[in-house]
Amino acid sequence: MMLSYHPLTVPSCHTFHFLPSSSDPPYDIIRSHTSLSLLLNCKTLKSLRKIHAQMIKTGLHNTNYALSKLIELCVLSPHFEGLTYAISVFETIQEPNQLIWNTMLRGHALSSDPVSSLKLYVSMISLGLLPNSYTFPFLLKSCAKSNTLREGQQIHGHVLKFGYGLDLYVHTSLISMYAQNGRLEDAQQVFDRSSHRDVVSYTALITGYASRGYTQSAQKMFDEIPDKDVVSWNAMISGYVETGYYKEAFELFEDMMKSNVSPDESTMVTVLSACAQSGSIELGRQVHSWIDDHGFGSNLKIVNALIDLYSKCGEVATACGLFEGMSYKDVVSWNTLIGGYTHMSLYKEALLLFQEMLRSNESPNDVTMLSILPACAHLGAIDIGRWIHVYIAKKLKGVTNASSLRTSLIDMYAKCGDIEAAHQVFNSMLHRSLSSWNAMIFGFAMHGRANAAFDLFSRMRKNGIEPDGITFVGLLSACSHSGMLDLGRRIFRSMTQDYNITPKLEHYGCMIDLLGHSGLFNEAKEMINTMPMEPDGVIWCSLLKACKTHGNLELAESFAQNLMKVEPENPGSYVLLSNIYATAGEWNKVAKIRALLNNKGMRKVPGGSSIEINSEVHEFIIGDKVHPRNREIYGMLEEMEVLLEKAGFVPDTSEVLQEIEEEWKEGALRHHSEKLAIAFGLISTKPGTKLTIVKNLRICRNCHEATKLISKIYRREIIARDRARFHHFRDGVCSCNDCW
DNA sequence: GTAGGGTTAG
C-alpha cells in the first residue's frame, strides 16, 4: 500500500522498534517494515538522511540487507542525487558483500556517467573480489548506454573467463550491449550460440535490428518467437515507428489486438506517437476512444501522448483541454504542450505556458529548454532567453543534452540580435557538434557578418569537422546577405566538387537570390532551368524583389505569374507585384491587382513587430491602437516625424501599397508596425538603451531609411530583425550597407 | 537468503 502521509510525520518509535532476530530472517521483517516503505516514498535527500540516522540509532545499519536496500533505494530513486549519498554510505562499510558491490555497480550504470561503473568494477577486481552472474548485466548495461564497444568486449571476455556464459540474463545483456553499439552481427552470434533463449533475448535482438532500420530482420526474429509477450509486441511496433514505417506499425498493432496479448500503457504511448508523427488524427481519435473504454483515460503517460497527438495534428484546443483536465501533471506533460505550441508557431502561448510552469512546482528540464529557446528566438524574447541561460548554467549542469542546449542558446542569442553573446556561448563550448558550428555560421550570416562566417568555416575545417548541406546554406546566405556574388559562385562549385554535397533547393535559392540581386537575370533563369527540382515561392519572390531593385517591369510580370502559380493563396505575391507597378507609376495595373485581391477575398498577412521590454514581449501591427500606452506611443510618433522632417527625411511614397487596403492612404507608411515598436521602445527605456525589434515581414525601404535617421537623432542603437536578416542601425547607418 | 536482461515524451 502506498503511504499517503509524509515520511517525517511518522513517529520514529513506531518506525524502528523491530530489530532482526536470529530466528526471523531480517529481510522478511524489514521488507514489511514501514521504514522501507518510507524510503520508497522518500522525496528529498534530507528525509533520507533522517531515516538513515534512525537506522544507525537502532542498529539496523549493521544488517547487510538493510544497507543494501538503503543503497538500492538511493540509487533507484529519481527524486534526488541518490548516487552521491549511496557512495557516502558505501564508503562507511568495512567489507561490503557481493550484493552491495553489485548494487553500487548498478547505481553507477544507471547514472549519467555509466562508465564510472566500469571503474568501480576494476577496483573491485583489484581488491581480489570476484564477480557473480548478477555483476555482468549492470556492467554490460553501462557499456550499452555509453556506446563503449571496446570495454563491452572486455567485459564479454570476463563473462567467459569467470564462467557465466550460460546465464540467460548475462546473455541477453550481451546481445543488448552489442545491438546498442551497432554490432548486430555480434549480437546475432551471441544469440545463435545460446543454448536456451526466451522472449526477452529475442526482444533484445529485435530492438537492435529495428533501431538500425533492419526492420525485415527484426520482423523475422519476431515471427520466430513462440510465446510473444506484450514487451516483444511493443518493441516491434516501436521499431517500425522509430524508422518511420507507420503503416506497418499500425498493422502490427491490429494483429496484436487480435492476439491473446493485451496492449498496455507502453503500447498505447507508442501507437499514439505513431499517429502524432504521421499526422493520422482519425486513427488517433479511434485509439483515444479505445483508451477511454479500457480505463486508460487517466494514465499519465497516455494522456501526455494524447496531448502530443492533438497538438501535433493542429488541434491545440483539445490538447489544452486534456492538459487542464489532468489531476496530476509531470514535467513531460508541460514539455509536450509547450513543444506543441512551438510546433504550431504559437510562440507567445509557449512562453506563457512556460511561465505558468515556473509558477507551478514543476522544474523545467533540458527538454523544456530545448522547446522554449526556439520560442524565445522567434519572438526576440532575449530577457527570458538570458534567464534560461543562467538557469541552464546553474541547474542543468552536466545534463546529457549539454551540447544541443548550447547550440540552441547560440541560435536564440543570434536570432534575438545579440550575436556577441551567441559567439561567447560558442567559444565556451568544449565539445561542438556540427550543428553548433552551423548555428554560429548561420548567426553570422544573418547579421551580415560574412567574413566572420567564413573565418569560422575555415576554423571548423581545421578542427577536422566535415560540413554538411546546412553548413553551405549558411555560407551561401552569408554571401547573399552581403552581395558577395563571386565568393558565392566559388562556394557553390566547391560544395559539389570538394565536398560531394548535392545542392538542394535552398542552395539554388541562395544563388538565384545573389544573381538576381546583381541584376544577372539571364543567368538566374538559366540556373532555374538546369536545376533538377521545381523552384518554390521563395525563389520567385526573391527574383521579384530583384526586379523591383533593378526596375525590370517586364520580367517582374513573368516572375509574378510563376509565383502565383506556385503559391496561389499567398497574397504576398500580389502585393509585391502591385508595389512594383506602383513604383513604375502603372496605377491602372495596381488597381487591377487590388481588385483581384479583393475578389479572391485575400488579405495580406499584416506586418507585425515586437519588442521586449522588461521581459515582456509587446506586439504591434500596422496602425495598432490597442496598446495600453497607445496615446504616448502616438505622441512619440508625431515627435519622431517632426524630427525626421527637420533632418531632411522625405518619405518614399512609391511603396505606399506595401500594406494594402484600409489605411493605405493616410498613415500607411507612418504607422508601420516597426515604427510603433520603436516609438514604444523610445518611451519605455532610458536614453541610450539599445532597442531590438523583431518583424515578421521584410522591413520596407521607407522604414529602413527612417530608422537609420532615428538611430542618429535619438542616439540609439537599433537592431531590427526582419524575416530574412538583421539590420544594426547606428549613428545614421545600417550594417547591411543598404544591401538587402 | 535478498538483486540482474528486452518496449514507452525530444
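Below, chain A is the first sequence line, B the second, and so on; all start at residue 1.
Among pairs with a residue in residues 307-317 of chain A, those fulfilling side chain to side chain donor-acceptor pair (under 3.5 Å) read A:Arg285-A:Glu315, A:His288-A:Tyr310, A:Asp308-A:Lys312, A:Glu315-A:Thr318, at least two apart in sequence or across chains. Within the structure, salt bridge (Lys or Arg N to Asp or Glu O under 4.0 Å) contacts touching residues 144-153 of chain A (residues at least two apart or in different chains) do not occur. Residue pairs satisfying the side chain to side chain donor-acceptor pair (under 3.5 Å) criterion with at least one member in residues 248-257 of chain A, sequence neighbours excluded, are absent.
Under the rule for a side-chain hydrogen bond (donor to acceptor under 3.5 Å, both in side chains), A:Thr207 has no partner lying at least two apart in sequence or in another chain. Partners of A:Ser217 according to the side-chain hydrogen bond (donor to acceptor under 3.5 Å, both in side chains) rule, which considers only residues two or more places apart in sequence or in another chain, do not exist here. Every residue two or more places apart in sequence or in another chain that forms a side-chain hydrogen bond (donor to acceptor under 3.5 Å, both in side chains) with A:Ser176 is listed here: A:Gln180. In this structure, the side-chain hydrogen bond (donor to acceptor under 3.5 Å, both in side chains) partners of A:Asp198, at least two apart in sequence or on a different chain, are A:Ser201.
For the segment residues 128-139 of chain A, the set of residues with a heavy atom within less than 4.0 Å of an atom of DNA chain B comprises A:Asn132, A:Ser133, A:Tyr134, A:Pro137, A:Phe138, in numerical order. Contacts between residues 308-342 of chain A and DNA chain B, defined by a heavy-atom separation under 4.0 Å, are made by A:Asp308, A:Lys312, A:Val332, A:Asn335. For the contact set between residues 159-187 of chain A and DNA chain B, defined by any heavy atom under 4.0 Å, the members are A:Asp167, A:Leu168, A:Tyr169, A:Val170, A:Thr172, A:Ser173, A:Ser176. Applying a 4.0 Å cut-off to non-hydrogen atoms, the residues of residues 233-254 of chain A that approach DNA chain B are A:Asn234, A:Ala235, A:Ser238, listed by residue number. The stretch residues 197-212 of chain A comes close to DNA chain B through A:Asp198, A:Val199, A:Val200, A:Ser201, A:Thr203, A:Thr207, each having a heavy atom under 4.0 Å from the strand.
When every heavy atom of A:Glu362 is checked against every heavy atom of A:Lys329, the shortest pair comes out as OE1-O, 3.6 Å.
Taking only side-chain nitrogens and oxygens, A:Lys69 never comes nearer than 4.0 Å to OP1 or OP2 of B:dA3. Taking only side-chain nitrogens and oxygens, A:Arg106 never comes nearer than 4.0 Å to OP1 or OP2 of B:dA3.
Between A:Glu356 and A:Arg359 no salt bridge is recorded (no basic side-chain N to carboxylate O distance below 4.0 Å).
Residue contacts shown for A:Asp229 include a base, since a base heavy atom lies under 4.0 Å away.
Between A:Tyr121 and A:Trp101, the distance separating the two ring centers is not shorter than 6.0 angstrom.
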